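Structure record follows, encoded as structure tokens.
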Amino acid sequence: MDAFTAGLLQRIRTTQSDLTRAREQGDDFLVEVEEAELDDLHRLAAEHGVEIGAASV
């Protein structure tokens, strides 16, 4: 796995964790921010052929 792929998967995992935390805290604004970031990261992964299934677990 190259550095780009590893970094992207790590960013996805971190963003998913941040999103979960924002939901638990009831921070609607932060939930929207994290969801948008996650959408961007998924788009970036798709554009570069990065399989994100393992990061989504």
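What you see is a predicted model; the values in this text were computed from it and never measured. Worth knowing before you read on, the calculation uses all heavy atoms, side chains too, and leaves out hydrogens, waters and symmetry mates.
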task = Please identify each residue that fulfils side chain to side chain donor-acceptor pair (under 3.5 Å) with T20, with sequence neighbours left out.
result = none
query = How far does CG of L8 sit from CD1 of I52, to the nearest 0.5 angstrom?
reply = 8.5 Å
task = Enter the distance from I12:CD1 to D40:CG here, rounded to the nearest 0.5 Å.
result = 11.0 Å
message = For residues 22-34, which residue pairs pass the side chain to side chain donor-acceptor pair (under 3.5 Å) check, not counting sequence neighbours?
response = R23-E35
ask   = Cluster question for you: counting only ILVMFWY and a side-chain heavy-atom cut-off of under 4.5 Å, with indirect links fine, are V33 and L41 together?
value = no
query = Is the closest side-chain donor-acceptor distance between R13 and Q10 under 3.5 Å?
reply = yes
query = To the nearest 0.5 Å, how far apart are CG in L9 and CZ in F4?
reply = 9.5 Å
ask   = Any salt bridge (Lys or Arg N to Asp or Glu O under 4.0 Å) pairs touching residues 2-11, not counting sequence neighbours?
value = R11-E37
ask   = For D39, what residues pass the salt bridge (charged side-chain N to carboxylate O under 4.0 Å, His left out) criterion, not counting sequence neighbours?
value = none
